[in-house]
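To start, the structure itself, in structure tokens.
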Amino acid sequence: MKANIFLLKIAAVAMLFSACASDDTSDITININGDGSTPVGEIIGGTLTEDLTLTLGTEYALTSALIVPEGITLTVEPGVVVRASTGSDVYIAVLQGGVINAEGTSTNPIVFTSATATPNPGDWGGLILLGRAPINSVVGGDATSTSEIGGLPYGGSVVDDNSGILRYVRIEYSGGAADAASENNGFSFYAVGNGTTIEFIQAFEGADDGVEFFGGTVNASFISVIGSQDDSVDWTEGYTGTLTNVYIEHRQSHDKGIEGDGFNTDIGNNSNPVFWSAPTITNLTINGRGSSNENEAIRLRAGTRATFTNVLLKGFAEGFDLDDTETGNGVVNDETSITDITFDDITLNLKNDTGATFGEADVISGVGNGTGADYNSWNSGWTRN
């Protein structure tokens, strides 16, 4: 890979030289960063052909999609900052069988951010992991689906599939949209298995979802999503992992704090799957913009099941909005529950649009007992506020 990076540098220099060689032509500026500036630092991008380590003390410029294929490991040292050029096609994707080891610390987090001088949500893509854990949009063995961004394969039958380690990693200004139906998230976890470690991650000021799980079994803890313009946390395609210590804060116009789907409604090819999404969420705080803004904190639909424990919701018109018949069946069958929750500035605690017959007391218990994620005890040093 070092050779490829060197060639990219030589090519850039050659382009600049040839642009200035003739007196009767205007100078050409390579506007890769989208604001008239050129990339600063060692350029990375393309498909890796050997292991690559990003080292502290080197500035890195991500100017195109960086693909980590099967059998290759991308290692990122604590404190490394990667600055991405503008574009939805600028992202990092760890393919099935590839590995990312990005282990920051609370005092030296790893940061993937925009390279523009005045960054905005949606400047670049985001981080994508694709594994071989089960999904419910395809049936049988090692059958796979393909990702929204890049058309990359994901899915299989390896429950404990291992895509590596993310620890103390922050994604900023992500969410560039390829088209109306294909948008990057801050973190996209496609069929990621529970052999993968995900701890202390933050999605900051993204244009689409902060963190989304497309099936898989991976467990994630200490999740911070601030300023997402779409859903802050999203799951679909049969996601069955655990989410522990989740803090969500809304600032500008946004969609849901959490949107959970039992199957992928965008694909729409498996509305009666072999299994439904059924994550377990413990220690959750969602701060909205006030009940007058008429948003929903949590929307459960398309048959998802979910178990919530110790929840604090603040500043929404609706706390929980449950949609469609199969989601209601999950409640009736005691597969969905909410235990120990506090509603603060919530107009309606629970909205039942499922058609199933149940009331608030049938799904919610311990009202007033929720304390949430205790964010201030674990956010110091590595998150942005």
Side-chain angles (χ1 to χ4, degrees), residues 44-48 52 54 60-69 72-78 80-96 98-104 109-115 119 121-131 147-150 152 154 162-178 182-193 196-214 216 218 220 222-228 230-235 382-384:
I44 56 175
T47 299
L48 299 185
L52 174 65
L54 306 185
Y60 292 96
L62 179 68
T63 60
S64 63
L66 176 63
I67 308 299
V68 184
I72 300 297
T73 297
L74 171 65
T75 301
V76 188
E77 293 185 347
V80 165
V81 177
V82 176
R83 302 186 187 280
S85 298
T86 301
S88 62
D89 57 349
V90 181
Y91 55 83
I92 297 175
V94 181
L95 307 189
Q96 291 181 313
V99 172
I100 180 170
N101 288 324
E103 293 191 73
I110 293 165
V111 180
F112 298 92
T113 190
S114 169
D123 275 351
W124 67 291
L127 178 61
I128 303 170
L129 272 60
L130 305 109
S147 61
E148 292 180 21
I149 300 295
L152 305 169
Y154 65 97
N162 185 355
S163 297
I165 300 172
L166 298 179
R167 184 177 284 128
Y168 292 107
V169 174
R170 188 168 75 237
I171 304 288
E172 301 176 348
Y173 308 110
S174 62
S182 301
E183 299 169 313
N184 285 279
N185 306 302
F187 297 86
S188 297
F189 298 117
Y190 286 90
V192 176
T196 307
T197 299
I198 301 174
E199 298 177 341
F200 300 100
I201 63 171
Q202 183 180 45
F204 181 81
E205 297 285 355
D208 199 61
D209 297 341
V211 182
E212 183 161 7
F213 300 86
F214 298 83
V218 69
F222 303 103
I223 300 168
S224 169
V225 182
I226 292 182
S228 177
D230 198 8
D231 307 315
S232 292
V233 174
D234 202 335
W235 66 72
W382 66 278
T383 63
R384 285 195 61 178

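Of the possible donor and acceptor atoms, none in the side chain of Ser114 sits under 3.5 Å from a partner among the backbone N and O of Asp123.
The minimum heavy-atom distance linking Thr196 with Gly164 is given by the pair CG2-O, 3.3 Å. The heavy-atom pair separating Ser163 from Val192 by the smallest distance is OG-CG1, 4.3 Å. The nearest pair of heavy atoms linking Gly45 to Ser64 is CA-OG, 3.5 Å. Considering all non-hydrogen atoms of both residues, Tyr60 and Leu54 come closest at OH-CA, 3.4 Å. For the residue pair Leu48 and Pro69, the shortest heavy atom distance occurs at O-CG, 3.3 Å. Looking at every heavy atom in both residues, Tyr154 comes nearest to Ala191 through CD1-CB, 3.8 Å.
A distance of 9.5 Å separates CG in Asp209 from OG in Ser174, rounded to the nearest 0.5 Å. For the atom pair OG1 (Thr63) and CD1 (Ile44), the distance works out to 8.0 Å, reported to the nearest 0.5 Å. Taking CG from Leu52 and OG1 from Thr75, the interatomic distance works out to 8.0 Å, rounded to the nearest 0.5 Å. From Trp124, atom CH2 reaches atom CG of Asp89 across 12.5 Å, with rounding to the nearest 0.5 Å. Phe112 contributes atom CZ, which lies 8.5 Å from atom CZ of Phe187 (distance to the nearest 0.5 angstrom). Note: Arg384 CZ to Arg170 CZ = 6.5 Å, rounded to the nearest 0.5 Å.
Between Val99 and Ile165, the closest side-chain pair of non-hydrogen atoms is not below 4.5 Å. For the pair Phe200/Val169, no side-chain contact is recorded, criterion being any heavy-atom separation below 4.5 Å from C-beta on. Between Thr113 and Val81, some side-chain heavy-atom pair lies under the 4.5 Å cut-off. Looking at Tyr91 and Ile67, their side chains come closer than 4.5 Å, going by heavy atoms from C-beta outward. With a 4.5 Å cut-off on side-chain heavy atoms, Gln202 and Tyr168 do not count as touching. The closest side-chain heavy-atom distance from Ser188 to Tyr190 is below 4.5 Å. Annotation: side chain of Leu62 is not in contact with side chain of Arg83 (no heavy-atom distance under 4.5 Å). Two residues are said to be in side-chain contact when any heavy atoms from C-beta on lie closer than 4.5 Å; Asp208 and Asn184 fail this criterion.
Just one residue in the list Val218, Val94, Ile100 forms a side chain to side chain contact (heavy atoms under 4.5 Å, CB included) with Leu166, and that residue is Ile100. Under the side chain to side chain contact (heavy atoms under 4.5 Å, CB included) test applied with Ile171, the options Ile92, Leu127, Val111, Val225 reduce to a single match, Leu127.
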